[in-house]
Structure formats: structure tokens, C-alpha cells
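What follows is a short report on a single structure.
Start at 1 and go down the list; that is how both ligands and their atoms are numbered.
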Amino acid sequence: MMTGIDAAPRLRCPALHFTPPQGWMNDPNGLVYFEGEYHLFYQYHPHDRVWGPMHWGHAVSCDLCRWEHLPPALVPDADGMCFSGSAIVDRDDTSGLFGGEPGLLAFYTVHRETAGDPGDYVQEPCLAYSRDRGRSWQKYPGNPILPNPGLRDFRDPKVVWHAPSRRWVMALACGQVIRFYVAENLLDWRLASEFGEGQGAHTEGPWECPDLFELPVEGRQATRWVLLVGVGAGEQESFGSFTQYFVGHFGGERFHNENPAETVLMMDEGRDFYAVQTWSDVPDGDGRRLAIAWLNNWLYANQIPEAGWRGTLSFPRELSLEETGEGIRLRQALAAELGTAGGLSPSRMANSTDALMAGDNVLIEQGPSAAHGRLSLQMAPGTTLEFDLQQAGQMLLRITHDGSALRLEHRREGRNGDPDFDRHFPHHLTGQRMAKTDIELEWLVDRGSLELLVDGGRYAATHLGITDPFHQPVTVRLVAGSARLTEGRYQGVIDPLE
Ligand code: FRU
């Protein structure tokens, strides 16, 4: 039952980015592919537009673009709220819950406040199962499947199959480390190891929402394991919550980081790319590792402008690994399904001549609802290019070729009168450099967000924007120097609801 929020004016939804039907959403949960459908669950509070008693919202899609909303899969009860977790296909009925047939298992976190004090709680991994393609869910009577051993943070189970040891592995966020548990039968879990102390980035906040997967290294007969970790916002942190990743080896018990312990690898350099999870059980035939993130930051998530709903997810991204001079690194691409999104209208850049001089604008047509574009440029030394994504410089990316490398700078404006929001939302990030002078930019602008991939997805920056309507013309302006445009493509996306 809705309480008051039905009456709220509806903010126009993004055309291509998933949003809840109403209320509040945070992390994506339980991403799993089963019988032709991508399932997407998410942290959901349907009765208000701020974080609250967590449900698992649910939607399915066949093409990662159009989502059908289904009723919440898990709802809070006397045992507690349903915090984040993962899902898998139990293909061989290892759990014994499916009478010999394949079925869906969801591993969620029960979060129970003790003595009614929000700061005083117990968290425990629990199991739910569905025998009808995810349409209804039962909580397992033997919950919790992993009793809390006395840790304050004990949440966000990510369960994966480790083929060489023929065992299931659960990565679990425990304070500022990730613990790995293993099980043969998906029900009886044993602690195998712990990873994180002295590794990568730590803030005052907890590590959250781990993911673990293996990927081939492009062009080599080798694979590596990737461990994704959400780094929670500390009170003092100006950057807030962000996603880091580790690359290394995993033999079924222990994760070995192959980079120096102090190396911090950011999955996305923007402010709004958190709680990243990847789909389980995507058919082997295409061997894809598809990821999606909550586009937000706990520093201001509860204060961003809203009307009727609050919270959006990234467009799904396909991940790969490649060898670089600094080691093996993640590379990201917008899932190819974007090209098949309904209502695409390919069009030309307003100025697609190849030689650009200082003062030239490449004005890109405005998309009806969302816009996906690509630009490839070769920049002469001393060239500065501004990529203006909203009118009046609300969101600006500046790329400067300083003679030896490219320097990226991004700036975002936006205030809404709430002191917390106004303190944290506007930003100016600088300092990223890439040892290249030719550059590929790809962007997806939708109502409320910008996803930007630079250099063929080797660098990503994702930001929320609060201008409404958001879809203003994108302007690329050469401020100084000269550049050669080697590719320019653009397509507008028509919102199927309009
Ligand atoms: C991450 C997180 C998770 C937790 C969930 C609660 O954003 O804090 O660790 O399970 O959100 O909604």
C-alpha cells in the first residue's frame, strides 16, 4: 500500500536507465540470467523516497534496455530487513530445494535492529528460493545459512561457482575486509580466508557489495580473477562512496592481489558509480561479464532531487581485461544491446568536418530523450577541448593535451538548498592523465545522468546531473589549439513512453 507518495508529481524517467516504479532504490542485487530473462533485483523502499526498510525490488528484461517491473521479491519481516546479496541458478539442484530441476537461489542479508536502535544491529546471510522463474520467492526455513560470528558488518553475500575445486564460494563484506566462505552444497559454509587488510583503498566507511569473477586477458592464453569492492563513504571523505577493484588469482580458497598492495584501481572515476554487481549465469556461448551500478553516492543519495521515485542504475556494461604497461586492467564497454534500444535515430554531427581549430564548436544534435555518441580525436600539443554536457556548464569535461599526455578535468554544478547536498554534490576533479594524444570519447546522456567512457573504455567517469530537462544539446568546443576529428557518431534515443 502506498503512503502519500502516489500524489507526488512524477519526474520524467530516464529513457534507458533503470528506475524503480516508485519510492527509493539503492544497490542492484541478485543479478542472474535464467531461461531467457535477465533478472534485476534491487534495494527498494517502495513506501518512501528515502532509504528505509529494505525490500528486494524486482524486474526482468530480455534485452537489458526494456525492463518489466515485477512485485517485490523479498520483503522485510520479524527477522529483519532484506539487505544486499546475489543470486545464482542452481542448475543441478545441489541445494536439494528443486526436486531435481534447476531453480533460482537468492543470497540476501538479513539486517535486524536490536533494541530498536538503528546503530545496534545483527547481519546474517540468508537464502531464498524460487521454483517459478523468479515469480515468487520463499525464505529458506534454515536461515540464517551463516550465523554471525560476532562481527558488526557481515553482509552482501556474492556467491559464485569455482569450477576447478567444484565448490561454491561466497564473498562477504566484513568491516574493511572481504571474507571468502566455501560450500559444496550451497547450505553449509566454511570460512576459507580473508582479504583486504593493507590492500587498496580504505576510508572510515566499510567495504561493501563484493563481486568476484574470472575473465580472459585479451590477446593472451591467460585468465585473471577480479574482485570488485564498494568502498563506503566516511564522514570526512570528500569523494564519498566509490568502487575499487583488484586483479589477481583465486584458487578456490584465497584471493592473491597481483598488484602492489597500495595500488588503488578505481572502476569509475566519477562520483556516482557504486555497489557494482555482475550478472551470474549469462550463457557461456557469449562468455560475457555484464555489470551494473547504482548511480549515486551515499554522501548525498537521500537528498538528490526527486519526485515519485529516487534512484537510477547505470546502463549495463560489458567488462574485459587487458594487459597495459602498468599491469592487467579492466576495460568497459556499454552493453551492445544499447544499439538495439527502441527508437534509435542515428544522425550526423552538426559539424563533422575533420579539422577543428580554436573556437570551433562541434554541436551535436539533441536527443529526444537520451543520447549516445562517440568522438575520436587527435589533439595537437597545447590543445584544450571542452565537452559541455548541459547548458551553462552544469557538467563539463575538459581535456588538455599538455605536450606529453592528456589531462582530464571534470566539473559539476548543482545545488538544491539542502546543506548536505550543496556541500557534496558540486565538484571539480582533476589530475587524471593518460599517455595518449588521440582520444576516443563515448557517452550516454540520459535524464539525470552522464556515463562517459574515454579511450575505448579504459577510463570511465559517471555522474548524476540535476538539470531538468537534462537532455540539452551536447557541445564539444575547441578552446585552444587544433584537433582532427577521425570519427563522430551520434544517435538519439526516443523514450518509448513518450
Ligand atoms: C551498500 C549498502 C550495502 C547494504 C545495503 C543496504 O550501498 O550499504 O552494504 O547491504 O546498502 O541497503
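For a threshold of 3.5 Å applied to N or O pairs, the pair formed by Ser84 and ligand 1 contains at least one separation below that value. Considering backbone and side-chain N/O atoms, Trp294 never comes within less than 3.5 Å of an N/O atom of ligand 1.
Between Trp207 and Phe246, the ring planes lie tilted relative to each other; the angle falls in the 30° to 60° range. By the 30° and 60° cut-offs, the orientation of the rings of Trp161 relative to Trp168 is tilted.
Separation of atoms CZ (Arg331) and CD (Glu318) is listed at 11.5 Å; rounding is to 0.5 Å.
Of the candidates Arg112, Met54, His55, Pro76 forms a side chain to side chain contact (heavy atoms under 4.5 Å, CB included) with just one, namely His55.
Using a 4.0 Å cut-off to heavy atoms of Gln43, the atoms of ligand 1 that qualify are 5 (C), 6 (C), 12 (O). The distance from ligand 1 to the heavy atoms of Met54 drops below 4.0 Å at these ligand atoms: 12 (O). Shown in contact with Asp156 at under 4.0 Å from a heavy atom are these atoms of ligand 1, numbered in order with element: 3 (C), 4 (C), 9 (O), 10 (O).
Shortest non-hydrogen contact noted between Ala15 and Asp446 is N-OD1, 2.8 Å. Taking both residues in full, the closest heavy atoms of Thr109 and Phe154 are given as CG2-O, 3.9 Å, listed atom of the first, atom of the second, then distance.
Heavy atoms of Thr109 come nearer than 4.0 angstrom to ligand 1 in no pair at all.
Closest to atom 8 (O) of ligand 1, if we only count protein heavy atoms, is Glu208 OE2, 2.7 Å. Regarding atom 2 (C) of ligand 1, its nearest protein heavy-atom neighbour is Asp27 OD2, 3.3 Å.
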